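One structure is given here, and the rest of the page talks about it.
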Amino acid sequence: MTLEVTVLYFASLREQVGREQDKVVLPAGATVSVCALLDILSQNDPELKAIFERMPRLRVAINQALATFDGVVKAGDEIAFFPPMTGG
Amino acid sequence: MTLEVTVLYFASLREQVGREQDKVVLPAGATVSVCALLDILSQNDPELKAIFERMPRLRVAINQALATFDGVVKAGDEIAFFPPMTGG
Amino acid sequence: MPRIVVTSDRFDVGQEAARLSGLSAGVGGLSLFIGQVRGQGDGLESLTLEHYPGMTEAILTQLGQEAVERFQLLDCTIIHRVGTMGIGEPIVFVGSAAAHRAEALQATAFLIDRLKTGAPFWKREQFADGRSAWVDAKAADDNAAAAWD
Amino acid sequence: MPRIVVTSDRFDVGQEAARLSGLSAGVGGLSLFIGQVRGQGDGLESLTLEHYPGMTEAILTQLGQEAVERFQLLDCTIIHRVGTMGIGEPIVFVGSAAAHRAEALQATAFLIDRLKTGAPFWKREQFADGRSAWVDAKAADDNAAAAWD
């Protein structure tokens, strides 16, 4: 079984990142929070680190449900990062 | 110039009175309030008196604007009596 | 100018929405309310609405103008039907157009709350068994109207 | 079941009202809200709405179900457009059907307030001079949504 998760970016974040998604392989055996996933993404790509740091109101969804940054990420999950929503 | 006013009845009040309107001649030279007009109507028709007494939430309009019972009635005015309104 | 209509005819919700929507480029939100004859499971078959011609239009115009000023509307519409209406039939349409949603939503609530006890309409209910009775004024409606004072 | 639609097409206000009106004999009031692209006199020409397919529908369905329970609705409808829309074009439709007006009016205000900051839509503005910018989230919208907590 793969330990991969899909990471999606939306709106201004997607534009800054310059792509719609990343695939990330989780460290085996560890419980990974959203915060830890952000660290992994930042280590993989220093530019991503700078982008996240410029976005203090970053929001996250795990499997299409709004989540908090201490939420647990599991293999196969779809994690989305985006700025505050502006619908309606 | 005539001292007549038109008195209209609506809804349940109209049904009880059994007619849509009355013409009333005001006493010459006097200032007539809505209350005084009700007294004149009651003197002219004892049945009206009984009907008014059974309707504690009677409302009044003078010339198609909501009014109070101390409102002044002048010759030529259109005075309407009706129960509380139930629109919408 | 508020659009005020008192009629025995049905109204077209789509057309009324289109008028409000197209008032100006500054419209950002429309709030519409439609009241209809509710079946109450008690044999009610229809309502008959009586009104005071002339005064009705005058009161609704004043009410509409008050809403436009108070809630900074671009405009509003009040349509009220009279005559006999079966269950499910529309009775009243209220619509408000504003730059922002809060004003539109509040204005429509204001208009329908004030109209219920402040405009000269009276409802009579007809039942399947032949009974018929005037609808009593509700204290809750007086309170809802007074909450806007 | 709440009717949830995410689409690039326009919607038909009259048809949507008719669906809510005809849900059951118990409907006494419909409250409808339509949000549209507002010209702001600053050269704005169009908005582009991006969303998170899948999550959008899930969130709107939850929101609709919450409104039905909380305000005892007979049902509700949420339609949200995505893609590019010019000034005056409709963006969003919210409709609530209830036995009584207060519940319908409150539910529609709740739905639009919550949808603005709680469903994964993002707006981008395009201006006549070629400028384009993402719309910033407004604190007032967060406050309006939180007022229903």
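Below, read A as the first sequence line, B as the second, and so on, with proteins coming before strands; counting in each chain starts at 1. Atom set for the values below is all heavy atoms of this structure, side chains included, hydrogens, waters and symmetry mates excluded. Please read these numbers as outputs of a predicted model, since none were measured by experiment.
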Below 4.5 Å, heavy-atom pairs only: which of [options] has the largest tally toward chain C?
options	answer
D:Ser21, D:Ala102, D:Ala104, D:Gly35	D:Ser21
D:Ala144, D:Ala18, D:Ser31	D:Ser31
D:Gly22, D:Gly28, D:Gly14	D:Gly28
D:Ile87, D:Val27, D:Val13, D:Leu105	D:Val27

[Y]/[X] salt bridge by N-O under 4.0 Å criterion:
X	Y	value
C:Arg101	D:Asp113	yes
D:Glu50	D:Lys123	no
D:Asp75	D:Arg19	yes
D:Arg131	D:Asp42	no

Measure [X] against the heavy atoms of chain C and call it side chain, backbone, both or neither at under 4.5 Å.
X	answer
D:Ala109	both
D:Ala99	both
D:Asp12	neither
D:Ile34	both
D:Val37	backbone

* Asked: Backbone N or O of D:Pro90 within a donor-acceptor pair of the D:Arg81 side chain at under 3.5 Å?
  ->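 Side chain of D:Arg81 to backbone of D:Pro90, a donor-acceptor pair under 3.5 Å: yes, one is there.
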* Taking the six-membered ring for Trp and the single ring otherwise, decide whether the centroids of C:Phe71 and C:Phe110 are under 6.0 Å apart. =>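 Yes.
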* Asked: Between atom OG of D:Ser24 and atom CG of D:Leu74, what is the distance when rounded to the nearest 0.5 Å?
  ->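 With rounding to 0.5 Å, OG (D:Ser24) is 4.5 Å from CG (D:Leu74).
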* Asked: Between C:Ala17, C:Ala25, C:Gly26, which residue shows the highest count of heavy-atom pairs closer than 4.5 Å to chain D?
  ->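 It is C:Ala25.
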* Name the option with the most non-hydrogen atom pairs under 4.5 Å to chain D; the candidates are C:Arg38, C:Glu16, C:Gln40. =>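 It is C:Arg38.
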* To do: Please assess C:Ser46 against C:Thr84 for the test side chain to side chain donor-acceptor pair (under 3.5 Å), listing each intermediate value before the final yes or no.
  => CA-CA 7 Å; C:Ser46 60; C:Thr84 298; 5.7 Å; no
